Amino acid sequence: MSDVSKTTINLPSDLKKELKIMAIREDTSLSGLILKMINEGYEARKNKNSDEDII
């Protein structure tokens, strides 16, 4: 990552614990996991919106 901007989010404690466990299982950091999930969601929305433009 060349250009990074720090942000803060509030997560329910139970969700944070589950995400930490998931990150450990995937051998990544919590930040890395959340960034991956955001990128996947972003791409899915972008692709969905592109498909809707065709209709």
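All values below were derived from every heavy atom in this structure, side-chain atoms included, with hydrogens, water molecules and symmetry-related copies excluded. Owing to the predicted nature of the structure, the values given are computational and were not obtained by experimental measurement.
- Between the CD1 atom in I34 and the NZ atom in K20 there is a gap of 10.5 Å [rounded to 0.5 Å].
- Note that CG of L33 and CD1 of I24 are 10.5 Å apart. Values are rounded to the nearest 0.5 Å.
- For the side-chain contact (heavy atoms from CB on, under 4.5 Å) with M22, the lone residue among E18, R25, E26 that qualifies is E26.
- Under the 4.5 Å side-chain heavy-atom criterion for ILVMFWY residues, a single connected hydrophobic cluster contains both L30 and M37.
- Annotation: side chain of L11 is in contact with side chain of I9 (closest heavy-atom distance under 4.5 Å).
- There is a path of hydrophobic side-chain contacts, each under 4.5 Å, that joins I38 to L15.
- Heavy-atom contacts from other residues, nucleotides or ligands closer than 6.0 Å to CG of N39 number more than 12.
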